[in-house]
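To start, the structure under review is shown below, and the notes come after it.
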Amino acid sequence: GAVVSQHPSRVICKSGTSVKIECRSLDFQATTMFWYRQFPKKSLMLMATSNEGSKATYEQGVEKDKFLINHASLTLSTLTVTSAHPEDSSFYICSARPTGIGETQYFGPGTRLLVL
Amino acid sequence: DAKTTQPPSMDCAEGRAANLPCNHSTISGNEYVYWYRQIHSQGPQYIIHGLKNNETNEMASLIITEDRKSSTLILPHATLRDTAVYYCILPSVGAQKLVFGQGTRLTINP
């Protein structure tokens, strides 16, 4: 149980294009999902908290217009990297917290983005 | 979130118990201790969590000191697949966020 999927697992795109990453909780509902970014040999950095049916809360320094988050249902959140640039190349990971059950978060397998 | 301190790296022989320490001297009364691990190029995996009492599941045991200022994650019979970075995290109740530190890089040696 508590499986989270991400799609795609890896994506290569040209500079200036937009990329959408999906995060799905497969066997539970998640009012809250989270998006993280991880650079090589670094720890995970929280980008934003996504709440179903409301606007996402972004961490300091994260541009909300560049990283668009939509949490339209209790099992799906999407992260769109708009006008991607090479410096946006990173490992993007989502997590989901089962509704009403403590603080435990379950993580997706991650999406590796390479912007050329 | 309360700050945690972990050793940057540890080694353990395959088949032996791996004991990973975590200091959290500023922990507050209602904060849980959570452990996650991240195997290379994968998303973090939940291991275990506890508040006061020691906890055990199919993956590991968590020993929390009586004053709750430190804890130890125990992998009873480490395998090569347990090589990963292990994170000790104290999410604030209600804040919902997990703040990842640098963790402990555990290497299991054959």
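Every chain is numbered from 1 and lettered A, B, ... according to where its sequence line falls, protein lines coming before strand lines.
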Okay, A:Gln6 and chain B: the region with an atom under 4.5 Å from a heavy atom over there is neither

Region of A:Ile93 that comes under 4.5 Å of a non-hydrogen atom in chain B
side chain

Going hydrophobic residue to hydrophobic residue with side-chain gaps under 4.5 angstrom, can you get from [X] over to [Y]?
X	Y	value
A:Leu68	A:Leu79	no
A:Val4	A:Tyr92	no
A:Leu116	A:Phe91	no
A:Leu46	A:Met33	no
B:Ile63	B:Tyr46	no

So do the side chains of [X] and [Y] get within less than 4.5 Å of each other, counting heavy atoms only?
X	Y	answer
A:Arg112	B:Ser41	yes
A:Ser43	B:Tyr87	yes
A:Thr57	B:Lys97	no

Separation between OG1 (A:Thr104) and CD1 (B:Ile47), nearest 0.5 Å, reads 12.0 Å

More than 12 heavy atoms from other groups under 6.0 Å of NZ on A:Lys66
yes

Are more than 12 heavy atoms from other residues, nucleotides or ligands located less than 6.0 Å from atom CZ of B:Arg105?
no

I want to know whether B:Phe100 and A:Phe107 have ring centres closer than 6.0 Å.
yes

Tell me, for B:Gln45 versus chain A, whether the close heavy atoms (under 4.5 Å) come from the side chain, the backbone, both or neither.
neither

Measure from the side-chain N and O atoms of B:Tyr36 to the backbone N and O of A:Gln105, and report whether any donor-acceptor pair falls under 3.5 Å.
yes

